[in-house]
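Just so it is clear: chains get the letters A, B, ... in the order the sequence lines come, proteins before strands, and each one is counted from 1. As a basis for the values below, the full set of heavy atoms in this structure was taken, side chains included, without hydrogen atoms, waters or symmetry mates.
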Amino acid sequence: MILRIENLTKTFRSRGRRWLGPQTSFTALNDVSLSIGKGESFGLVGESGSGKTTLTRCILGLERITSGRIVFDGTDLTTLPAAEMRRMRARIQIVFQDPYASLNPRMLVHDIIAEPMEIHQDTLGLGARQRSDRVIELLELVGLGAQHLYRYPHEFSGGQRQRIGIARALAVNPEFLILDEPTSALDVSVQAQVLNLLHDLQQKLGLTYLFISHDLGVIRYICDRIALIYRGDIVEEGGVDDIFERPSSDYARMLLAAMPEPDPAKSPFNTEAAG
Amino acid sequence: MAFLDIRDLHLAMRTFEGEAHVLNGINLSVERGEIWGLVGETGCGKSLTGLSISRLVPSPPGRYLRGEIRFAGQDLLATPEDGMRRLRGGHIGMIFQDPTTNLNPAFRIGEQMVDVALHADAVDPAILGLAPGASRRQRRVEARRLAIAMLDKVGVPDAARRIDDYPHQFSGGMRQRVLIAMALIGKPELLIADEPTTALDVSVQAQILRLIHSLVLEYQLAVLLITHNLGVVAQLCTHVAVMYAGNIIESGPVRPVFRNPTHPYTRALMKAVPHATHRRGELQGLPGSVPNLFTPPPGCRLAPRCPVAQPRCAERVPPTIAVSPGHDVACVLATPAGSAAA
Amino acid sequence: MSASATPDARASAVAARRQNWRRAAYRFQQSWLSIVGLAIVVLLFVAAVAGPSLVPYPADIAGGINTATRFEAPSIAHLFGTNELGQDVFTLVIAGARISLLSGVAVVVLGALAGTIVGALAGYYGGWTDEILMRIADLKLTLPSLILAMAVAAALGAGLVNTIIAIALTWWPGYARLVRGEVIAKKEELFVQVAQALGAGTGRILRRHILPNIVSPIIVKMSLDMGFAILTVASLGFIGIGVKPPTPEWGSLLSIARNYMPDYWWTAMFPGLAIFLAVFGFNLLGDGLRDVLDPRARR
Amino acid sequence: MLRFAVRRIVLLVPVIVGLSLLIFAIARLLPGDPVTLAAGPNATQAEIADLAREFGLDQPLPVQYWHYATGLVTGDWGQSIFTRRPVLEDLKAYLPATLELVVVAMVLAIVIGIPAGLLAAVYRDRWPDYVSRVVSLGAISMPRFFLGLLLQLGLAMWLGWLPLGGRFPLTEDPPPFVTGFLTIDSLWAGDPHAFGVALAYLALPAFATCLSPLATITRMMRATTLEVLQQDYVLTERALGLSQRLIIFKYVLKNAMSSTLTVIGLYFGWLLGGTVLVETVFDWPGIGLYATKAIVTQDFMPVMGVTLTIGVLFVAVNLVVDLLYGLLNPKVRYE
């Protein structure tokens with residue numbers, strides 16, 4: 001198991017705008033436990049407000065947890081001193097949903113992809129020229145090319161930007177990628193290309209994926225095992241086919257029923273409509 | 001002549017780089033009771049088609065080159081602005097994508113609904129059913145009662161009290177229901193819904209689709225549902241029109257089009273949606289990207305990316321052929337109905 | 001394809017960049033108001049830099065008195081006429097440009113620097129640092145800046161440097177509030193979270209990610225503030241607390257000329273017009289820059 | 001709503017205390033010694049020391065501040081070292097003049113600026129918009145004191161329609177004191193002649209004061225209205241057939257107003273401090289003129305008095321703006 005999350009709880013204490021305001025607390029994650037095997041593609045399904053983004057931020061150490069443990073390759077990340085945590089950060093990378101907001105509009109593509117290597121200079125030890133070569137290698141790996149090196153993000157389409165985001169994530173040879181709804185902002189045809197790219201990269205580089213989405217079609221296509229999260233609780237966990245064929249929790253059944261299948265025969269309304 | 005009949009609609013949008021030919025001859029006819037899904041990817045012009053019907057595309061920068069939009073026989077492109085205003089709300093209702101930004105944050109939801117009802121009543125007194133001499137106050141009271149009834153009909157709990165709440169006190173799904181109530185309070189015959197459920201969670205989306213379906217049956221509405229989600233089209237729509245780069249390339253009743261998609265682009269779209277039967281790696285997207293509409297490729301605009309492109313595709317815009325009754329395809333390879341199957 | 005491919009990549013990128021600048025130039029030049037603004041500002045810089053060597057009566061700048069030519073109306077010899085000491089008003093006004101521009105730039109740059117640092121720290125760290133720094137900035141805003149500047153200038157004594165210090169002291173809160181708002185907005189951006197997840201230090205995040213993305217609103221505010229700074233310097237001069245004669249400063253020139261109205265109206269009219277024109281020029285330029293640099297307009 | 005208001009008022013106290021501390025610190029830390037100046041060039045060391053002791057300037061600073069602070073509450077705002085007049089008396093005499101000037105200027109600026117900004121936004125990029133943009137930019141760039149001089153030159157000296165300066169001629173008897181606003185008091189006393197005279201004297205200084213806030217409010221209103229016009233809910237309102245007039249003057253105005261409000265609040269404070277210039281040009285007997293005289297002689301008690309008054313008024317005005325903002329934005333109210 002490369003990542004084990006044990007009884008993770010996270011509560012936000014929100015204070016009114018002025019210190020006189022009432023103090024309210026909100027539990028985003030409630031005793032969450034998950035384990036992801038090496039090279040596996042693990043799906044996390046949840047709607048808005050389910051806590052899936054909070055979980056990502058806890059794993060990445062962007063959010064202090066209330067209680068529980070996050071064990072990555074045998075080390076509990078939540079108790080690591082800052083310096084060691086920084087080295088661990090090279091091994092876990094993230095690709096966000098919004099291709100327009102996840103790239104710094106004022107940085108060249110070359111610098112965007114080279115930055116992780118600069119930050120982890122001490123462990124990678126690459127010179128400027130080697131970094132530039134590696135950037136071109138990465139661009140080709142994700143289906144782009146050297147001609148895109150000295151361009152700004154606003155000169156690319158949504159799909160191309162997501163590829164740049166993936167190239168950046170791969171810059172420091174991570175073992176574990178968190179994909180937070182990587183294709184839900186993309187058009188269907190572009191989504192298919194990016195999903196296939198992610199699949200090939202996993203085969204080629206032996207990456208482990210935590211794939212977060214609310215789209216059951218995408219989850220079923222790319223994941224081996226999945227967990228359903230609802231309002232901070234893991235409602236169900238298991239193999240993707242088991243859950244799709246034999247959902248045990250009501251929430252899973254409701255989600256599967258609500259998912260619009262692109263087949264008119266399965267439409268609850270269309271039985272008597274013309275055509 | 002259909003209830004809503006769009007014929008050879010051409011629209012150009014002026015931008016800094018020049019004029020883009022965004023609608024390249026749209027033909028679409030919708031009868032009452034039919035739910036037409038207008039589906040296509042970003043930038044294909046589906047939203048502009050919807051906005052054009054209510055003449056909400058500002059000009060400049062928009063400019064209609066030719067074509068007509070006949071609504072109950074009346075050509076909307078020739079209708080003056082105040083004529084259009086009489087149609088909006090009273091005959092054509094519209095709902096948009098993001099419920100968090102489509103309700104005025106500084107007003108109670110009842111306020112706007114009453115104003116829309118009053119406007120619709122001014123056009124057609126049957127809406128409130130009051131004697132012509134009724135006072136302004138009486139009209140507002142009656143409009144408020146109608147608003148509460150509509151909120152109830154769209155499933156807003158405790159409507160009588162909640163009508164005085166502010167938008168930020170409602171969830172995303174509830175706000176979309178309020179918007180639907182507001183769009184239908186003037187009892188329009190046509191409802192244009194631009195990505196009504198895209199911003200909602202799957203579970204809430206299912207409820208909203210069910211709500212729209214029930215309202216269509218009750219009011220015999222003609223609906224134009226604009227979306228990029230093929231699943232939503234398959235579930236709710238009776239007919240579908242697939243758009244690519246300013247053209248409708250395939251349209252018809254939803255079952256034949258989904259069962260045997262003929263146009264290469266429709267087929268590619270269907271194959272790109274991850275489906276239960278797909279094994280990992282089988283998913284195929286369409287190489288390349290949407291053409292630049294300032295200098296669109298000649299003839300069929302899909303030609304540069306089309307897997308089965310022929311030299312003659314680039315000569316002229318392919319004519320629309322009926323491959324089966326009501327099922328039209330704009331592709332040179334399509335064979336007319338009744339002739340030997342390709 | 002190794003790094004050798006970069007030369008043509010660089011060429012195509014430079015082409016894309018030039019196209020970007022051409023679009024910005026096109027939009028800037030589209031509103032002729034900005035062009036007028038730019039022209040005035042350029043004129044002002046020329047007057048400030050080369051002024052003293054071009055003026056017809058350089059002696060007057062140093063305070064040369066020539067009672068014979070007192071109060072001559074505007075003529076070919078004296079374009080703006082002469083004042084109560086017989087000095088050529090045109091020469092004094094041109095010389096005044098240097099003082100106003102210099103003090104304007106100094107005030108704005110000092111204010112912007114101090115304000116940006118305070119704003120960035122308050123915005124990025126939040127919590128107590130934000131609360132304390134912003135309360136100080138708010139308190140400074142509640143105090144009537146003009147009276148405060150007058151008090152400081154009076155206490156420090158007249159003279160250009162003291163005036164600049166006095167005004168700059170009241171100027172930085174504006175920038176602090178602007179930068180704090182921008183930093184708080186940018187801090188939530190996804191690309192900043194990615195950098196944080198990568199383990200980038202605060203310095204790198206501020207330097208590479210946040211500051212470059214908030215430069216345009218600061219530039220726009222600086223160009224608009226230039227006008228107001230010149231106005232404030234002139235105001236102090238007018239009240240007789242700022243720069244003292246014989247150094248030619250538009251505000252003090254106007255203040256002296258006030259006593260000779262209405263008969264010798266030109267001694268007041270031209271310094272006043274000079275202040276108005278300078279401020280108007282910077283405001284027009286600032287407005288034009290905002291349209292060009294405003295990311296909403298560009299997207 | 002009440003809880004929201006109470007919370008804001010309670011927060012006012014620390015701000016005012018902070019304000020008094022800041023002003024006291026600035027006034028006392030500045031170099032320059034008013035006592036030696038006041039004692040006159042040939043005063044002996046002993047006389048200077050007596051004067052200093054009389055004003056308690058020899059005690060340690062914290063004690064002086066405590067003395068000052070308690071004085072503030074009990075109405076003893078200190079004395080002018082030169083005129084020996086209690087600061088509070090002077091303020092009571094001069095403040096109404098400044099307030100009348102600022103209030104009239106702001107009322108003019110709001111009444112004209114809001115509709116002008118609205119129309120400039122609605123007729124965007126057509127001639128009314130261009131004209132109003134150039135005029136408002138010009139108005140902002142116009143130094144108030146130069147504008148005052150021009151008005152004096154034109155309307156007072158050459159045409160003689162309006163008085164050159166001052167607030168009320170000695171030859172006329174002013175209306176009985178009610179609010180301290182001559183215009184209102186004369187109306188209150190039902191004396192149209194006095195009202196006419198007061199208005200004549202107020203016209204030029206008020207116009208000179210109101211031009212730049214008028215221009216700023218117009219530009220701010222135009223910018224916020226344009227921003228609101230691009231919001232999705234305006235498209236929805238238009239799509240459901242509401243008239244352009246109803247949308248603009250009801251649904252857009254209320255949203256645009258709330259952001260312009262904060263500018264109005266800020267500008268009210270700046271004007272209070274900024275009337276110094278107009279008061280100097282028109283010899284308008286306001287606290288600005290009073291402060292200028294005190295500053296020149298580094299007589300810091302009056303300066304602290306004036307600065308504190310303006311600071312408190314500024315905070316009070318912004319509290320009112322905050323509450324109005326809460327009224328306009330229901331979301332803020334329920335926080």
Side-chain donor/acceptor of A:Gln193 to backbone N/O of B:Leu286, under 3.5 Å | yes
Can you tell me if CZ on B:Arg32 sees more than 12 non-hydrogen neighbours from other groups inside 6.0 Å? yes
Answer key: most heavy-atom pairs under 4.5 Å with chain A among B:Gln205, B:His327, B:Arg210, B:Gln207 is B:Arg210
Does any part of the side chain of B:Met270, heavy atoms only, come nearer than 4.5 Å to the side chain of A:Pro262, both counted from C-beta? no
Bottom line for A:His199: the part with an atom under 4.5 Å from chain B's heavy atoms is side chain
When the 4.5 angstrom heavy-atom criterion is applied to B:Arg259 and chain A, the contacting part is neither
Highest number of heavy-atom pairs under 4.5 Å with chain B among A:Asp224, A:Leu195, A:Leu186 belongs to A:Asp224
When the 4.5 angstrom heavy-atom criterion is applied to B:Pro325 and chain A, the contacting part is neither
When the 4.5 angstrom heavy-atom criterion is applied to A:Gln191 and chain B, the contacting part is side chain
Listed by number, the residues in residues 45-53 of chain A that come under 4.5 Å of chain B (heavy atom to heavy atom) are A:Glu47, A:Ser48
Closest non-hydrogen contact found for B:Gln235 with A:Met259 is NE2-O, 4.3 Å
Counting heavy-atom pairs under 4.5 Å with chain B, the top scorer among A:Asp263, A:Ile222, A:Val218 is A:Ile222
Residue from A:Ser157, A:Ala257, A:Gly158, A:Ser189 scoring the most non-hydrogen pairs under 4.5 Å with chain B is A:Ser189
Interface check, chain A: of B:Asn229, B:Val202, B:Leu230, B:Leu269, most non-hydrogen pairs under 4.5 Å belong to B:Val202
Bottom line for B:Glu34: the part with an atom under 4.5 Å from chain A's heavy atoms is neither
